[in-house]
Each structure stands twice: as structure tokens, then as C-alpha cells.
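Following: one structure in C-alpha cells, then a few remarks.
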Amino acid sequence: QVHVVEYGGGLVQAGGSLRLSCAASAPTFNTYAMGWFRRARGKEREFVAAIGWNGDTTHYADSVKGRFTISRDHAKNTIYLQMNTLKPEDTAVYYCAVDIMAYALGSPNLRDYDYWGQGTQVTVSS
């Protein structure tokens, strides 16, 4: 069992920034790809960003490319999502997910992920 907890959501004005953190309790965290997804009210959960097991590969949804940055800190078993130039359409619950297939490079497909956090609300006001 892998426990996943997200931190850092909140309310921000359009154009502002937030950083989300995700901690995963797993002894082999350093071999797992991780991802961020989000679900806006009334919409399906959608891919935001993913990072491969060693941090060398990253993937982004077109809607956040150039504004969001995913990164990881192996020493802290944590990944981050730095979100800049936020827009009202970024308002959603953001979820962190873990892919326990060893040495994966990250995936935009939510079905590739095995464990999920409870989510953290991000609200961007106009």
C-alpha cells in the first residue's frame, strides 16, 4: 500500500502562482513515475503533468505547457508542481498519482497509475 498526500492548494488571483507538493510513502519511491491530474467541476479528470522515475523525463498537457513545471526530490519522497501564470480555467481539484511499475517514464493516461491522493483544491479568481 502506498499512501499519497497532496499539499499546497488554495485561492490565488489570476496571474499568480502556487506550488503543489505530493508526498508518497513507499520505500521504492525512487523507482516510480508520478503524475498530476485535475478535475474541474462538471468535467472529467484530466492529465496535467507527469515525471519519470529518475526525473529526466517530463510530460505536460498542452493547456499548461510553459506555465507549469513538475519536479521531484528523491531524498524527500516528494514531487512538486510549480504553477505560474494561473488562469481561472486552472481551477480544479488537483490529484497526485503513483505508477508502481518500476522505472516508468511517466504517462498521461490515468489508467497507468495505481495509487492516488485525496486531492487538493486550487481556485483561481479572475
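What's counted below: heavy atoms across the whole structure, side chains too, no hydrogens, waters or symmetry copies.
N84 and S17 share a donor-acceptor pair across their side chains, judged by distance under 3.5 Å alone. Looking at Y95 and R39, their side chains do bring a donor and an acceptor atom within 3.5 Å of each other. A donor-acceptor contact closer than 3.5 angstrom links the side chains of T123 and Q121.
Two rings, from W53 and Y103, have their centers less than 6.0 Å apart. When ring centroids are compared, Y113 and F37 come within the 6.0 Å threshold.
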Which pairs of donor and acceptor atoms, one on a side chain in residues 1-11, lie under 3.5 Å apart (sequence neighbours left out)?
unit_1	atom_1	unit_2	atom_2	d
E6	OE1	Q118	N	3.2
E6	OE1	G119	N	2.9
E6	OE2	C96	N	2.8
E6	OE2	G119	N	3.3

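A donor-acceptor distance shorter than 3.5 angstrom exists from the side chain of D114 to the backbone of I100, with no hydrogens or angles considered. One N or O on the side chain of T78 and one on the backbone of K76 form a donor-acceptor pair closer than 3.5 Å.
Using a 4.5 Å cut-off between side-chain heavy atoms of Ile, Leu, Val, Met, Phe, Trp and Tyr, with links allowed through other members, V98 and F29 fall into the same hydrophobic cluster. In terms of hydrophobic clustering, with Ile, Leu, Val, Met, Phe, Trp and Tyr side chains grouped at heavy-atom distances under 4.5 Å, V93 and V48 are assigned to different clusters.
One finds a salt bridge joining K65 and D62 here, because a Lys/Arg side-chain nitrogen approaches an Asp/Glu carboxylate oxygen to under 4.0 Å.
Note: L105 CG to D99 CG = 10.0 Å, rounded to the nearest 0.5 Å.
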